[in-house]
Amino acid sequence: MSEQLTEKERKAQEQLAKVRHSMAHVMAEAVLEMFPTAQIAIGPAIENGFYYDFDLPRQLTNEDLDEITERMKKIIGQDKKFVRTVVSRDEARKRFSDQKYKLELLDAIPEDEEVSLYNQGGFTDLCRGPHVESTKELHADAFKLLSIAGAYWRGKETNPMLTRIYGTAWNNAKELRLYMEHLADIEKRDHRKLGKELDLFSLHEEAGPGLVYWHPRGARIRQQIENFWREEHYKNGYEIVYTPHVGKSWLWETSGHLGFYKDSMYPPMEMDNMDYYVKPMNCPFHIMIYQNSKRSYRDLPFRWCELGTVYRYEKAGALHGLMRVRGFTQDDAHLFVTPDQMDGEIREVLRFSLYMLHSFGFQEIKAYLSTRPEKAVGEQERWDAATEALRKAIEAEGLDYEVDNGGGAFYGPKIDLKIKDAIGREWQLSTVQFDFNMPERFKLTFVDKDGVEKRPYMIHRALLGSIERFFGVLVEHYAGAFPPWLAPEQVKIIPVGEAYFDYAKQLEGRLRQAGLRVSSDLGDDRMNAKIRNAQKLKTPYMLVIGEKEASGDLVAVRTRTGKQSTVSTGEFIKQVQEIVASKQQLE
RNA sequence: GCCAAAGUAGCUCAGCGGUAGAGCAGCUCACUCGUAAUGAGCAGGUCCUGGGUUCAAUUCCCAGCUUUGGCUCCA
């Protein structure tokens, strides 16, 4: 199932990576022309482009980017050859004696590896390559410098901050244009922008950053998501639980959260000489329910789910719209299972997860299997068994997957599912995680057939992740044009004139009785303006009502996609109900 | 948290060392309308907050808060 590239595609990709990497060198040359004392760090090719990190004598402005661009164009036009030479370490050290970052990189190259330099005339870089033969292969009209950003040297928070310049580069001007259009599309779909335009939600710095306010229209969508979620959980053998928002410190000490994540938790509140913490996770609470009685192997598995709102102190600079917030609702569940049940339960969780994601319109899904890291709790056999269970489940579902060796949490291996949205971006939504830690820490037991108390296995899982984030992804995926089953308002009734206001209200009542989300526009705008307003809100159906419709029990349907038709009111209701029931998108 | 940029009306933005402007939205009035904006009028602002410089600060400087783009982080 994995993406197989043909030889030709692979070569084309390699070439483009070389172009981008070489662009980075050209940019470095241009920057050194402008700032001869600049320290240069690294400059790789990345997805869609390249960057280079510099330590510069002053801050860069956008005008500087223009000048760098002009200089790069000049360099490209000179047909400079990229020449590779292998040198000794001493030579390299001499060459870069005034470049401290390069010296550091040089020291990091293993003894048995060659040290190679690439030169294109005025610029030599310590570099493994590969590069294009000559700047002839680069296209002055197919690159663009995009942004200036700060980046830690070697990505380490404690290291100095360098100036990074990002650029994009392509094979020709047309590809660049398409990419720039893609960026514009991303901007149009931005959930923060659409959230305002469609009046879905807001954030209020004065009331607390990273905390989401759901407006009626956003809340309608959320209700649809949650209702569907609850129904499906009951259908799939889960029980819904509700747990508190705060708990005494011993809970978080026992769970280990205070030890590992204290900095990311909201500070405690003191009451009756006790510290209470706002929950950053739901698991300890579900565990309290588990411990409420002695559990038998006959009771297991327990599948307890909760739309649990948690609070985490995210760093100020990390907040981003709905995607990264400080208060969010996990569509959480914890499964307490016997070792025998593990395989089957994992398989079911995965199947359920895929079903949910498909229901929301995500078809392309990829799995990531993360295995035991260096530092981990739990015996090796349990890790092996759990990891195998995860792998078997992925393979049974025929999912394309990658293994992230050592990428698991310290308490257990996990599967993450990433979806691809309408414009090809990946978002991680579902996660299924084994936990060898909590049952141990809370000393969970069940009495097995043989009368012996044993540890249950515990599985954490979230299908949508956080409702806030999932909602943000949905907004961007659909660009705000939600399929009718999710749309906050499905139908807008637009009378052609005041004479039909009464009929509009009557029709509205009838549609509402039929379960549709509908309202009438009885303002004093002209019909055209009303259509425009409904269209801007991406309302799926607009019903224009006048004499013909009122007298014939008809509706003139205009969909937001621009299709028009006239059908009987009954027929319209039936059609919409069908589309809603089948969760189809409007065509 | 770190680097950089930004913060002016509900929204999108212009402007500027002499205490502010547009479009849209809102309100009022007129128009009574057949598939993406009818017209006119009115109202709306501690120019993010706190200091400093200055005769005078929304404008310049400093600090803070928030947002944006990255970096780091993300149980």
Side-chain angles (χ1 to χ4, degrees), chain A residues 51 53 55-56 58-62 146-166 187 190 192-193 196-197 199 202-210 252 255-265 279-284 310 312-321 323-326 328 330 332 408-412 414 428 431 433 435 437-438 460 462 465-466 469 494-501 523-537 542-549 556-560 562-566:
Chain A
Y51 68 78
D53 287 345
D55 195 347
L56 298 172
R58 67 164 171 86
Q59 292 159 8
L60 287 184
T61 63
N62 286 325
L146 296 175
S147 60
I148 305 162
Y152 298 112
W153 164 236
R154 299 192 137 182
K156 265 228 178 97
E157 222 173 337
T158 48
N159 282 344
M161 178 71 72
L162 305 173
T163 303
R164 175 172 298 178
I165 304 176
Y166 279 101
E187 221 178 297
D190 191 315
R192 293 166 300 179
K193 192 172 140 88
K196 263 183 205 170
E197 287 172 10
D199 196 17
S202 55
L203 296 151
H204 299 268
E205 53 174 271
E206 70 277 25
W252 311 109
S255 70
H257 287 108
L258 270 177
F260 287 99
Y261 304 109
K262 189 164 200 261
D263 290 347
S264 313
M265 288 170 67
K279 68 176 168 184
M281 285 283 266
N282 302 300
C283 13
V310 298
R312 297 179 184 176
Y313 178 80
E314 298 286 355
K315 288 180 185 173
L319 298 176
H320 178 87
M323 301 303 189
R324 196 73 181 274
V325 290
R326 286 186 177 157
F328 59 96
Q330 292 182 313
D332 211 355
F410 71 89
Y411 52 76
K414 63 170 180 174
Q428 192 209 307
T431 183
Q433 311 185 344
D435 189 341
N437 191 43
M438 293 279 183
H460 305 252
S466 112
R469 186 181 135 88
I494 298 170
V496 298
E498 211 174 330
Y500 306 99
F501 280 17
D524 63 357
D525 280 329
R526 277 158 163 66
M527 179 203 62
N528 280 309
K530 291 180 179 181
I531 288 174
R532 183 164 191 270
N533 290 337
Q535 191 76 45
K536 272 169 55 183
L537 288 174
M542 286 151 269
L543 301 183
V544 176
I545 299 303
E547 180 52 37
K548 201 172 71 187
E549 291 74 22
V557 185
R558 177 197 170 97
T559 67
R560 69 172 169 228
K563 287 189 181 159
Q564 284 176 234
S565 61
T566 299

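Chain letters run A, B, ... following the sequence lines, proteins first and then strands; every chain starts at 1.
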Visitor: Taking side chain as C-beta onward, heavy atoms only, is Leu543(A) less than 4.5 Å from Val557(A)?
Guide: yes

Visitor: Do side-chain atoms of Arg312(A) reach the backbone of Pro280(A) as a donor and acceptor pair under 3.5 angstrom?
Guide: yes

Visitor: I need the CZ-P distance between Phe501(A) and G34(B), as an integer number of Å.
Guide: 14 Å

Visitor: Can you check whether Cys283(A) reaches His460(A) side chain to side chain, under 4.5 Å on heavy atoms?
Guide: yes

Visitor: Does A6(B) pair with anything, Watson-Crick or G-U wobble, both distances under 3.5 Å, and if so, with which nucleotide?
Guide: U66(B)

Visitor: Check whether any side-chain N or O of Arg558(A) sits under 3.5 Å from a backbone N or O of Gln564(A) as a donor-acceptor pair, and report yes or no.
Guide: no

Visitor: Give me the distance, rounded to whole Å, that separates U59(B) from C48(B) when you measure between the C1' atoms they each carry.
Guide: 15 Å

Visitor: For Glu206(A), does the CD atom have more than 12 heavy-atom neighbours from other residues, nucleotides or ligands under 6.0 Å away?
Guide: yes

Visitor: When we call it a touch if two heavy atoms are under 4.0 Å apart, what does Leu60(A) touch: a base, just sugar-phosphate, or nothing?
Guide: nothing

Visitor: Take atom NZ of Lys536(A) and atom C1' of U12(B), then tell me their distance rounded to the nearest Å.
Guide: 11 Å

Visitor: When rounded to the nearest 0.5 angstrom, what is the spacing between CD1 in Ile148(A) and CD in Gln59(A)?
Guide: 9.5 Å

Visitor: Expressed in whole Å, how much space separates the P atoms belonging to G18(B) and C61(B)?
Guide: 15 Å

Visitor: Would you classify Glu549(A) as touching base, sugar-phosphate or nothing, given that sugar-phosphate means primed atoms plus P, OP1 and OP2, and contacts are heavy atoms under 4.0 Å?
Guide: base

Visitor: What I'd like to find out is whether the side chain of Tyr152(A) reaches to under 4.5 Å of the side chain of Leu162(A), using heavy atoms alone.
Guide: no

Visitor: Using whole Å, what does the distance between atom P of nucleotide G34(B) and atom CG of Asn528(A) come to?
Guide: 8 Å

Visitor: Could you identify the nucleotide paired to C71(B), looking across every strand shown and requiring Watson-Crick or G-U wobble geometry with both distances under 3.5 Å?
Guide: G1(B)

Visitor: Which whole-number value in Å describes the distance from Arg58(A) CZ to C3(B) P?
Guide: 18 Å

Visitor: How far, in whole Å, is U35(B) from A9(B) if one measures between their P atoms?
Guide: 38 Å

Visitor: Identify whether any heavy atom of Lys196(A) sits under 4.0 Å from a base atom; if not, whether one sits that close to sugar-phosphate; answer base, sugar-phosphate or nothing.
Guide: sugar-phosphate

Visitor: Given the C1' atoms of A75(B) and U68(B), what is the spacing between them in whole Å?
Guide: 28 Å

Visitor: Return the value, rounded to whole Å, for the distance between atom CD1 of Ile531(A) and atom C1' of G34(B).
Guide: 8 Å

Visitor: Could you write nucleotides 28-33 of chain B as a row of B, S and -, 5' to 3', where a protein heavy atom under 4.0 Å of any base atom gives B, of only sugar-phosphate atoms gives S, and otherwise -?
Guide: --BBBB

Visitor: Could you pull out the closest heavy-atom pair between Trp252(A) and Met281(A), with the gap in Å?
Guide: CH2-O, 3.5 Å

Visitor: Applying the Watson-Crick and G-U wobble criteria at under 3.5 Å, what pairs with G45(B)? Answer none if nothing qualifies.
Guide: none

Visitor: Considering non-hydrogen atoms only, spot the tightest contact between Arg326(A) and Leu319(A) and give its length.
Guide: CG-CD2, 3.8 Å

Visitor: Looking at A4(B), I'd like to know if its phosphate oxygens (OP1 or OP2) sit under 4.0 Å from a side-chain N or O belonging to Gln59(A).
Guide: yes

Visitor: Measure the distance from CD on Glu206(A) to C1' on G7(B) and round it to the nearest whole Å.
Guide: 13 Å

Visitor: What is the base-pairing partner of A20(B), counting Watson-Crick and G-U wobble geometry with both distances under 3.5 Å?
Guide: none

Visitor: How close or far is atom P of G10(B) from atom CD of Glu205(A), stated in whole angstroms?
Guide: 13 Å

Visitor: C1' atom, G44(B) versus G10(B): distance in rounded Å?
Guide: 10 Å

Visitor: Heavy-atom nearest nucleotide on RNA chain B for Arg532(A) versus Leu319(A): which residue maps closer to 5'?
Guide: Arg532(A)

Visitor: For a quick check, with a 4.0 angstrom heavy-atom cut-off, what is the B/S/- contact string for nucleotides 70-75 of chain B, read 5' to 3'?
Guide: BBBBBB

Visitor: Please give, in whole Å, the distance from G34(B) P to Gln535(A) CD?
Guide: 19 Å

Visitor: Using the C1' atom on both, measure A6(B) against A14(B) and round to a whole Å.
Guide: 15 Å

Visitor: So which atom in Ala318(A) and which in Arg324(A) form the shortest heavy-atom distance, rounded to 0.1 Å?
Guide: O-CG, 3.1 Å

Visitor: Could you measure between the two P atoms, the one in G51(B) and the one in G45(B), and give it in whole Å?
Guide: 23 Å

Visitor: Hey, which sits more toward the 5' end of RNA chain B by its nearest nucleotide, Asn533(A) or Val557(A)?
Guide: Asn533(A)

Visitor: Compare every heavy atom of Met438(A) with every heavy atom of His257(A), then report the nearest pair and how far apart it is.
Guide: CE1-CE, 3.5 Å

Visitor: Which value, in whole Å, describes the distance between the P atoms of nucleotides G23(B) and G17(B)?
Guide: 24 Å

